[in-house]
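Take a look at the structure set out below.
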Amino acid sequence: MKVLAKPLPNIPWENPSCSNPGVLWRSTCNPIIGRNILPNSNSVFNSAVVPFEEGFAGVFRVDNRAMEMRIHAGFSEDGVNWNLDPDPIEFFPDSDVPGPFVYGYDPRVTWIEDRYYVTWCNGYHGPTIGVAWTKDFRTFHQKENAFVPFNRNGVLFPRKIGDRFAMLNRPSDNGHTPFGDIFYCESPDLEFWGRHRHVMSPVKIEKGWQSTKIGAGPVPIETSEGWLLIYHGVQTSCNGYVYSMGAALLDLDQPWKVIGRAQPFLLAPWMNYEMVGDVPNVAFPCAALVDGETGRISVYYGAADTVTCLAFGYVENIIDFIKSNPEPNA
Ligand code: BMA
């Protein structure tokens, strides 16, 4: 098994222990970003992190104390301790992008070829997928929204598929969508999107952890076995939604084809900081760092829509987990 990613020797990392086992194990520093890291923040969660210069940079979901959903840039030397820009990102439109900015949430960041692309849930007559690019996390150039509303969880592949950019997304409604499948589409220029393909549906059997809706999480990770996709799955309990993390493998050349999907969740909201907060019972992954040399992976996820957390694993173990626990009902 090969992970097709660059070496990242400074990846944030902790070894598993008998009190902290699993295919993914949590950081003992969780939550790594508290809700009040900024003077005006109510919560900081569902955020995206990438290697940048000698350290790391990211785009963070910050709900402020007026409960407005904003996204902020941030920087870190070690990927664990973060400095967030106190002001939200100001986007400079590339062309005739319709404004004004209404709200933004659940960002993802993807390095493709020569720059970082940001996708996020952008308010435009309801949620759709906003697209922007930056080279320095200081100036952000906004492109056209990718889709008509309503859509969430727009996640770019880190390289072109064939000769086109590719994105996973999740058509939805204007509220706390009680349904949702993952779709795939392609674009020659990151502006015009088409060739829409269905990827995966929820697993409707027995009201399991991914029976209500699913959505792509971090940028897919390229391996010799296929694209490793970590995603969120939602269960509707008698007391509301429960958001857990799962894993699947997608075909390298035709990523709308699912070649593996694990039946059990990878990580579910078990810790107090995942069970208690503004929205209880949420573990929502938006980013992963990968060390191509050792296959170590660090997953960033929002907990209870309140704080930002980190979990660790090995790409190889996650792929073994998918292969040895296949979902029979997908
Ligand atoms: C989704 C999004 C996420 C959030 C989740 C749980 O619809 O709004 O940002 O984490 O619900 O509230």
Side-chain angles (χ1 to χ4, degrees), residues 30-35 41-49 58-64 66-72 88-89 102-109 118-130 147 149-155 168-183 202 209-218 230-237 239-246 265-288 299-311:
N30 279 351
I32 58 162
I33 303 178
R35 65 187 305 164
S41 59
N42 165 75
S43 41
V44 184
F45 57 109
N46 301 3
S47 299
V49 161
V59 176
F60 295 80
R61 171 169 176 179
V62 176
D63 290 5
N64 66 28
M67 294 311 276
E68 297 169 318
M69 299 181 284
R70 297 291 180 263
I71 50 181
H72 293 229
I89 291 172
V102 181
Y103 58 75
Y105 63 86
D106 296 0
R108 315 297 204 275
V109 181
V118 186
T119 52
W120 72 99
C121 191
N122 190 35
Y124 179 70
H125 303 273
T128 184
I129 302 301
F147 313 116
F150 310 110
N151 203 303
R152 294 189 173 96
N153 302 299
V155 180
L168 298 169
N169 66 98
R170 212 278 305 288
S172 60
D173 67 16
N174 198 14
H176 264 268
T177 318
F179 61 89
D181 294 21
I182 298 176
F183 284 79
W209 69 270
Q210 50 177 334
S211 58
T212 299
K213 52 180 171 173
I214 54 175
I230 295 176
Y231 63 99
H232 70 261
V234 181
Q235 174 181 38
T236 306
S237 83
N239 204 30
Y241 290 149
V242 179
Y243 284 69
S244 304
M245 272 181 232
F265 54 72
L266 262 185
L267 185 148
W270 285 6
M271 305 299 279
N272 280 336
Y273 50 80
E274 296 157 356
M275 295 189 292
V276 178
D278 286 2
V279 181
N281 302 316
V282 180
F284 194 99
C286 284
V299 178
Y300 288 79
Y301 66 100
D305 284 13
T306 304
V307 293
T308 303
C309 293
L310 195 47

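Counting starts at 1 for both ligands and their atoms, following the listed order.
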Checklist line | Check ion pair R170-D181 (N to O, under 4.0 angstrom) | finding: no
Notebook entry, point to check: Which of parallel (below 30°), tilted (30 to 60°) and perpendicular (above 60°) describes Y243 and Y241?
Noted result: perpendicular
Checklist line | Part of Y241 within contact of ligand 1 (heavy atoms, under 4.0 Å) | finding: neither
Note to self: To check your reading of the model: name the closest protein heavy atom to atom 1 (C) of ligand 1, its residue, and the distance in Å.
What the structure shows: Y243 OH, 3.4 Å
Next item on the list: May I ask you to check if ligand 1 and Y105 share an N or O to N or O distance below 3.5 Å?
Entry: no
Check: Is Y124 atom OH crowded by more than 12 heavy atoms from other residues, nucleotides or ligands, each under 6.0 Å away?
Finding: no
Next item on the list: Determine whether more than 12 heavy atoms belonging to other residues, nucleotides or ligands lie under 6.0 Å from atom CG of N239.
Entry: no
Next item on the list: Could you list which atoms of ligand 1 come closer than 4.0 Å to a heavy atom of F284?
Entry: 3 (C), 10 (O)
Notebook entry, point to check: Hey, looking at atom 12 (O) of ligand 1, which of T306, D305, T177 has the closest heavy atom?
Noted result: D305
Check: Backbone or side chain, does any N or O of R152 fall under 3.5 Å from an N or O of ligand 1?
Finding: no
Next item on the list: Report the nearest protein non-hydrogen atom to atom 3 (C) of ligand 1: residue, atom name, distance rounded to 0.1 Å.
Entry: D106 OD2, 3.1 Å
Checklist line | Ring center gap for H72 and F60 short of 6.0 angstrom | finding: no
Next item on the list: Evaluate the side chain to side chain contact (heavy atoms under 4.5 Å, CB included) criterion for residues K213 and T177: first the C-alpha distance (whole Å), next the side-chain angles of each, then the deciding distance (0.1 Å), finally the verdict.
Entry: CA-CA 8 Å; K213 52 180 171 173; T177 318; 4.1 Å; yes
